[in-house]
Structure formats: structure tokens, C-alpha cells
*Asks:* 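Take a look at this one; I'll ask things after.
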Amino acid sequence: MDFRPLAELERRSVITALRGNGDRGVALLMDPKDTRFVGTAEEVPDDQVIAAVKSVPCHY
Amino acid sequence: MGFLDTEPGKRRLLAVEVPAVERYNADRAPAFRITVARAGGGLVLSYALMPCHNLYRLETRLLSSYPIVPPETRVLTPLKHCPHLLEGQTVCLWRQGSMRAANRWDASQFTCVFAVTAAWRWLLCYEVWHETGEWPLPEAR
């Protein structure tokens with residue numbers, strides 16, 4: 001695939017979001033239409049939780 | 001005998017998994033919806049994710065022993081070899097093959113859609129790793 005990299009600012013934003021998610025459980029928000037990363041939120045209503053990754057107990 | 005052939009398995013499918021997929025698909029553009037097909041004693045979920053600028057095709061397999069055994073998610077789009085990527089481009093999400101006590105999959109809390117969102121987060125990490133060479137999250141403890 002022709003990989004299109006993140007711009008510097010985008011990359012910083014993603015790294016900050018991932019670390020907030022890993023360290024403090026900040027929710028990562030997914031666009032409900034096309035699954036793009038659209039930011040973070042401290043709290044997510046239950047009815048929107050499917051579009052947010054609050055805590056993924058993954059092996060990394 | 002797969003989970004689709006047992007009464008508890010059928011109940012789980014109808015009461016938990018199908019509603020979760022329907023909620024996920026509700027506002028989704030057609031190209032990003034999950035499609036489900038039967039495969040042996042289990043199911044295969046096919047879908048696409050685009051966490052940043054790149055589109056990835058994936059499949060998540062619910063094996064016949066699901067939900068005791070966690071789902072397996074594979075990225076079909078070719079990737080560069082990276083950390084936390086197993087044979088066949090299976091993403092390492094739940095310590096596959098580990099003993100149940102050490103496994104991070106919790107069948108009482110998670111659905112197949114949780115595996116999809118976990119893969120989405122994995123892909124976000126991959127996009128960062130692709131440029132920096134560093135996985136942005138620490139190893140699981």
C-alpha cells in the first residue's frame with residue numbers, strides 16, 4: 001500500500017491521545033461514519049461508548 | 001461443536017453480539033460497516049478501518065470456542081513488520097495462546113465489537129510506529 005504518513009502535528013496529537021488513553025483512561029474518539037480518529041474525551045456517555053475506546057487491555 | 005451449535009452460544013449471539021454489531025453499523029458509512037459470515041463453527045467479521053489517512057482491511061474471527069477463547073484479528077492489508085504483529089498479520093491484542101488467567105480478554109465484559117475497536121487503537125499505534133520506529137504505548141504489565 002502507498003502509506004500516507006501523519007503530519008508532524010497530527011502525529012503529536014495521536015501520541016498524546018494514546019498515552020492519555022494508556023495512562024489515564026482518556027477515551028479515544030472514532031468518527032462514527034468513517035472510523036477516523038477525531039480526538040479525545042475525559043468522559044463518554046454510555047450511548048456513545050461504541051465510538052470511543054476508553055480502555056483496551058491490550059498486549060502492548 | 002461450535003458456539004453457534006449450542007444454546008448458550010446462540011443466546012450470546014442474539015442477545016449480545018448481533019446487537020453490538022448493529023449499534024456499530026448504525027451510523028457507519030457502508031464501506032466501513034462490519035459484515036458477518038459463518039465460517040465453520042464460528043463467525044468471521046470483515047470490515048475496514050481508517051484511523052488516520054490509510055485504509056486497512058481486517059477480519060476478526062470468532063472461533064468455535066468463542067467467547068472462552070478471544071477473537072483473533074488479522075490485518076489483510078499488507079503491513080511493514082512491526083512489534084505486536086504475529087504470524088499471518090494477526091495483531092497481538094489479548095496474549096493469544098496464553099493461559100486464561102493471564103489473558104486480557106474478558107468474555108463477561110467484551111463483545112466482538114470491542115475487538116474491532118482494539119484493532120483500531122492498534123492501528124493508531126502502527127501509524128505512529130511507521131514514522132518514528134517507536135511503539136507509542138508501553139508493553140502490557
Side-chain angles (χ1 to χ4, degrees), chain A, chain B residues 20-21 23-29 31-32 47-57 77-80 83-84 86 91-96 98 102-106 109-111 113-128 130-132 134-140:
Chain A
M1 75 188 264
D2 294 326
F3 187 86
R4 183 181 160 199
L6 293 163
E8 178 66 26
L9 272 176
E10 291 174 319
R11 186 163 66 241
R12 278 193 218 153
S13 166
V14 169
I15 291 172
T16 301
L18 284 166
R19 292 189 175 154
N21 178 255
D23 296 342
R24 296 182 289 114
V26 170
L28 305 172
L29 302 178
M30 177 196 291
D31 187 302
K33 290 225 174 297
D34 64 7
T35 79
R36 280 179 192 270
F37 167 71
V38 289
T40 61
E42 294 288 338
E43 295 295 330
V44 181
D46 283 350
D47 63 345
Q48 291 176 24
V49 78
I50 206 129
V53 181
K54 182 79 175 166
S55 172
V56 184
C58 295
H59 181 203
Y60 54 83
Chain B
V21 170
R23 280 199 304 278
Y24 179 91
N25 283 344
D27 296 321
R28 203 75 53 193
F32 293 93
Y47 52 96
L49 295 172
M50 192 170 64
C52 299
H53 304 301
N54 302 290
L55 181 75
Y56 302 90
R57 296 218 61 85
T77 304
L79 301 176
K80 280 173 74 174
H84 313 292
L86 307 175
V91 295
C92 187
L93 297 178
W94 330 104
R95 293 178 185 243
Q96 281 95 335
S98 62
N103 198 305
R104 289 159 195 281
W105 167 257
D106 183 347
Q109 289 190 56
F110 306 149
T111 71
V113 169
F114 193 80
V116 174
T117 55
W120 179 82
R121 189 177 90 152
W122 189 97
L123 287 169
L124 269 182
C125 292
Y126 174 79
E127 294 248 348
V128 170
H130 196 284
E131 292 308 299
T132 66
E134 290 182 18
W135 202 258
L137 288 173
E139 292 280 342

*Asks:* In terms of heavy-atom proximity below 4.5 Å to chain A, should His53(B) be classed as side chain, backbone, both, or neither?
*Replies:*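 For His53(B), backbone and side chain are both near chain A.
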*Asks:* Between Ala48(B) and chain A, which part of the residue has a heavy atom less than 4.5 Å away: side chain, backbone, both or neither?
*Replies:* backbone
*Asks:* I'd like to know if Arg24(A) pairs up with Glu42(A) as an ion pair, taking the criterion as any Lys NZ or Arg NE/NH1/NH2 lying under 4.0 Å from an Asp or Glu carboxylate oxygen.
*Replies:* yes
*Asks:* Checking Thr111(B) against chain A: side chain, backbone, both or neither under 4.5 Å from a heavy atom?
*Replies:*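 Neither; nothing under 4.5 Å.
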*Asks:* At a heavy-atom separation under 4.5 Å, does Leu79(B) approach chain A through its side chain, its backbone, both, or neither?
*Replies:* neither
*Asks:* If you count heavy-atom pairs under 4.5 Å between each of Asn54(B), Thr77(B), Leu55(B), Leu124(B) and chain A, which one has the most?
*Replies:* Asn54(B)
*Asks:* Is it true that Arg36(A) and Asp34(A) make a salt bridge, defined as a side-chain N closer than 4.0 Å to a carboxylate O?
*Replies:* yes
*Asks:* Just give me the residue among Pro78(B), Pro51(B), Ala29(B) that pairs up with chain A most often, heavy atom to heavy atom, under 4.5 Å.
*Replies:*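 Maximum pair count with chain A is reached by Pro51(B).
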*Asks:* So Leu49(B) and Val116(B), do their side chains get closer than 4.5 Å, heavy atoms only?
*Replies:*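 Sidechains of Leu49(B) and Val116(B): in contact.
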*Asks:* Could you look at Asp2(A) and say if it's the side chain, the backbone, both or neither that has a heavy atom under 4.5 Å from chain B?
*Replies:*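 Answer is backbone: N, CA, C or O of Asp2(A) sit under 4.5 Å from chain B.
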*Asks:* May I have the step-by-step check of ring pair (Phe, Tyr, Trp, His ring centres under 6.0 Å) for Trp122(B) and His84(B), ending in yes or no?
*Replies:* CA-CA 9 Å; Trp122(B) 189 97; His84(B) 313 292; 7.9 Å; no
*Asks:* First locate atom CG of Leu6(A), then atom CD of Glu131(B), and finally report the distance between them rounded to the nearest 0.5 Å.
*Replies:*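 Leu6(A) CG to Glu131(B) CD: 7.0 Å, rounded to 0.5 Å.
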*Asks:* Can any side-chain N or O of Thr16(A) pair as donor or acceptor with the backbone N or O of Arg12(A) at less than 3.5 Å?
*Replies:* yes
